[in-house]
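This report concerns only the one structure given below.
Keep in mind the model is a prediction, meaning the values are calculated, not measured. Every chain is numbered from 1 and lettered A, B, ... according to where its sequence line falls, protein lines coming before strand lines.
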Amino acid sequence: MGSCNTHNPSFLMYALIDCNNFYASCERVFNPKLNDKPIVVLSNNDGCVIARSNEAKALGIKMGEPAFKIKNIIKKNNINAFSTNFALYGDMSQRIMNILSSMIPLIEIYSIDEAFLDLNQHSTTQIYNLCHIIRKKILQGTGIPVSIGVGRTKTLSKIANHISKRKQRYGGVFILNKKDEDLILNEISVSDIWGVGSKLGMFLPSLGINTAKQLKYTNLKFIRSKINIIGEKIVKELRGKSCFDIENLVPSKKSICTSRTFGNMVNDLNDLSSSIAMYATRCAEKLRLQHSYAYLAHVFITTNPFREKTNQYAQSKIIKFPVATNDTSEIIKAILFALEGIYKHGYEYKKAGVILSGIIQRGEVQENLFDSKNRFSNEIIMGTIDKINRKMGQDIVRYAALGYKKKWQLKQQQLSPCYTTRWSELLTINLN
DNA sequence: TCTGGGGTCCTAGGACCC
DNA sequence: TCTGGGGTCCTAGGACCC
């Protein structure tokens, strides 16, 4: 944890580039009929709204709203609803990040649709021109519109981005210069600051702090005592002292989770076991992908908390491996054993998951004197399975515990084709 | 009426992000 | 009837040690 950079020359600038309504825009790229039409993208099981086009926002559809509650609005306004297509969004994201990397030496891929850029080598005029070129290149190369905000710290660049996205007149690029900061921060509500969530968004106003400008001029020690060290860093960032650096190296994950809400209620232990075995398999794959090992595995099951009238049950268990592992069969075995311990007959289960933690790198694995496993040959087997499955398709080679009948499978009734990642689903254009 | 002090490590839970 | 998924960091408090 580095301390804040107190020598932050005024020419040092950060940019935040953010794709506009990313998932909705991805759907649009391959289906131009959707231009100017309202679009929503739904979470797994077509459950909640997780992305909206501007037109859908204008119709009053809220983020996170359950789909069944807005069925009528969707029908009445001919809103195009899509199931999530992460293969498509992930691939589009990669293309955008590749374009950025080719133009800017230091970038941080912050999320699937956002990146921070280090622009410290550039003057304000250069930055302005560069940002417009970036927008144009991404639009030409991928069809995705983006907004760019520039400021003296990451937090200020987030605020600048907020403005560029909401005020059409800036043409998608807003540069927050030092002299204008107080004026702009005065217009920003504390709850719109990066790092201020729902709880702080209510708490800060109770202290009389309503705008970003008010927070900026609040005493540091006061904030430290009332909130925590992150609160203090946010204030410093608002003052132009950079506390959050550009992180251009992708750190390996410290925890790996695979969990799903089921398409249908599940009450049978066998069905639960096959789903859990599948999640353990995905987790182990992710673990091997970053060449790490885990010594803790966590399994959890829960009934549907929204169904208040039915009996509720939620339980979890953590298993500690004698030697850190990334072997799918070993993880499945441990997880299924733990599941038997927490499973209770007579409940309708709605969600289950597996989390791996205690993650370490290859060289850090402590061997155990009483270890009976042949870890060397297991690694070769895992590597081979990964290779085959990557080439031939997920779960072509699978453990028997996964089964084939999937009562718990997702509902995805509005899935768009994988235009960019599956040969059979490439877009075809009729030239007659 | 009184019950040491200080350090480290670990973990559960909360808040935040997209 | 129908309500997502995958992460990170911080803190408080307990266990343990000297």
Side-chain angles (χ1 to χ4, degrees), chain A residues 1-2 16-19 21-23 40-51 61-72 74 81-86 89-90 93 108-116 154-155 158 161 190-204 224-234 243-244 247 250-265 279 282-283 286-287 290 295-296 298 300 302-310 316-318 320 348 350-359 410-414:
Chain A
M1 190 71 10
L16 174 67
I17 166 154
D18 189 328
C19 302
N21 313 325
F22 183 53
Y23 299 165
V40 294
V41 177
L42 305 174
S43 62
N44 274 339
N45 292 314
D46 297 338
C48 303
V49 172
I50 56 167
I61 292 176
K62 299 267 181 307
M63 190 68 173
E65 190 126 43
F68 73 89
K69 282 191 182 172
I70 53 165
K71 240 178 193 165
N72 290 335
I74 290 181
F82 292 94
S83 306
T84 41
N85 184 345
F86 276 112
Y89 313 150
S93 170
E108 172 184 341
I109 298 172
Y110 178 65
S111 74
I112 192 163
D113 70 332
E114 282 175 71
F116 286 104
K154 278 181 160 181
T155 303
K158 272 268 184 186
N161 189 283
V190 275
S191 55
D192 287 331
I193 299 171
W194 187 42
V196 176
S198 60
K199 285 277 145 61
L200 272 181
M202 313 243 283
F203 180 60
L204 287 169
R224 178 78 172 87
S225 70
K226 289 284 180 190
I227 308 174
N228 57 21
I229 193 160
I230 299 189
E232 189 180 340
K233 285 185 178 178
I234 291 172
C243 296
F244 307 123
E247 287 166 26
V250 181
S252 58
K253 298 199 186 332
K254 295 170 181 172
S255 72
I256 287 174
C257 171
T258 305
S259 72
R260 290 290 178 277
T261 299
F262 303 133
N264 296 305
M265 291 294 180
Y279 307 151
R282 292 288 94 77
C283 281
K286 294 179 198 172
L287 198 55
Q290 62 167 36
Y295 60 82
L296 295 172
H298 185 162
F300 66 87
T302 166
T303 52
N304 188 349
F306 293 104
R307 269 202 195 176
E308 288 167 0
K309 286 178 196 154
T310 58
S316 69
K317 191 170 171 65
I318 294 177
K320 191 165 184 176
E348 303 243 282
K350 184 60 175 169
K351 185 175 179 172
V354 172
I355 303 168
L356 300 178
S357 58
I359 291 178
L410 293 177
K411 282 185 195 156
Q412 289 195 304
Q413 291 169 343
Q414 325 282 345

At under 4.0 Å, does any side-chain N or O of N44(A) touch on OP1 or OP2 of dG5(C)? yes
Take atom OH of Y295(A) and atom C1' of dC10(B), then tell me their distance rounded to the nearest Å. 9 Å
Which atoms form the tightest heavy-atom contact between F262(A) and A352(A), and what is the distance? CZ-CB, 3.7 Å
Under 4.0 Å between a side-chain N/O of K71(A) and OP1 or OP2 of dT1(C), yes or no? no
Kindly say if S198(A) contacts the phosphate of dC16(B), meaning a side-chain N or O under 4.0 Å from OP1 or OP2. yes
Under-4.0 Å side-chain N/O to phosphate OP1/OP2 contact, R260(A) with dG6(C): yes
When all nucleic acid strands are considered with a 4.0 Å heavy-atom cut-off, which category describes L42(A): base, sugar-phosphate, or nothing? nothing
Atom CG of D18(A) and atom CZ of F116(A): how far apart are they, to the nearest 0.5 Å? 9.5 Å
Send over the distance from Q413(A) CD to dC2(C) C1', rounded to a whole Å. 11 Å
Please confirm whether the shortest side-chain N or O distance from N304(A) to OP1 or OP2 of dT3(C) is below 4.0 Å. yes
I want to verify a distance call: between dG4(C), dT3(C), dT8(C), whose nearest atom is closest to the I50(A) side chain? dG4(C)
Taking the nucleotide of DNA chain C with the closest heavy atom to each, which residue, S43(A) or K286(A), is nearer the 5' end? S43(A)
So, does S43(A) use its side chain to make a donor-acceptor pair with the main chain of C48(A) at under 3.5 Å? yes
Please report the distance, rounded to the nearest Å, between CD1 in I230(A) and P in dC10(C). 5 Å
Could you check which nucleotide pairs with dG13(B) in any of the strands shown, counting Watson-Crick or G-U wobble with both distances under 3.5 Å? dC10(C)
K253(A) side chain, from C-beta outward: closest of dC17(B), dG7(C), dT3(C): dG7(C)
Just compare dG4(C), dA15(B), dC18(B) and give me whichever is closest to any side-chain atom of C48(A). dG4(C)
Any sub-3.5 Å donor-acceptor pair from K62(A)'s side-chain atoms to V49(A)'s backbone N or O? no
Any donor-acceptor pair under 3.5 Å linking the side chain of D113(A) with the backbone of F22(A)? no
Under 4.0 Å: is that the gap between some side-chain N or O of K351(A) and OP1 or OP2 of dT3(C)? no
Measure the distance from NZ on K317(A) to P on dA12(B) and round it to the nearest whole Å. 12 Å
Indicate, with a heavy-atom threshold strictly under 4.0 Å, whether D113(A) touches base, sugar-phosphate, or nothing. sugar-phosphate
Atom CD1 of I234(A) and atom C1' of dT8(C) are separated, to the nearest Å, by 14 Å
Looking at K158(A), does any N or O in its side chain come under 4.0 Å of the phosphate oxygens OP1/OP2 on dC18(B)? yes
How close or far is atom C1' of dC17(B) from atom CG of N161(A), stated in whole angstroms? 15 Å
Side-chain contact, heavy-atom cut-off 4.5 Å: N45(A) with R260(A)? no
Measuring to OP1 and OP2 of dA15(B), would you say a side-chain N or O of K199(A) lies under 4.0 angstrom away? yes
Below 4.0 Å: OP1/OP2 of dG5(C) and any side-chain N or O of T261(A): yes
So, OP1 or OP2 of dT11(C): does either fall under 4.0 Å of a side-chain N or O from R224(A)? yes
Which is true for I112(A) with a 4.0 Å heavy-atom rule: it touches a base, it touches only sugar-phosphate, or it touches nothing? nothing
Using a cut-off of strictly less than 4.0 Å, decide whether S255(A) has a side-chain nitrogen or oxygen near OP1 or OP2 of dT8(C). yes
Tell me whether the OP1 or OP2 atom of dT1(C) has a side-chain N or O from R307(A) closer than 4.0 Å. no
Would you mind classifying the nucleic acid contact of E65(A) as base, sugar-phosphate or nothing, using non-hydrogen atoms under 4.0 angstrom? nothing
I need the CG-P distance between N228(A) and dC16(B), as an integer number of Å. 10 Å
Under 4.0 angstrom between S259(A) side-chain N/O and dG6(C) OP1 or OP2: yes
Rounded to whole angstroms, how far apart are CG on L296(A) and P on dC9(B)? 18 Å
After noting the C-alpha distance and the side-chain angles of K158(A) and E114(A), does the key distance pass the salt bridge (Lys or Arg N to Asp or Glu O under 4.0 Å) rule? CA-CA 10 Å; K158(A) 272 268 184 186; E114(A) 282 175 71; 2.7 Å; yes
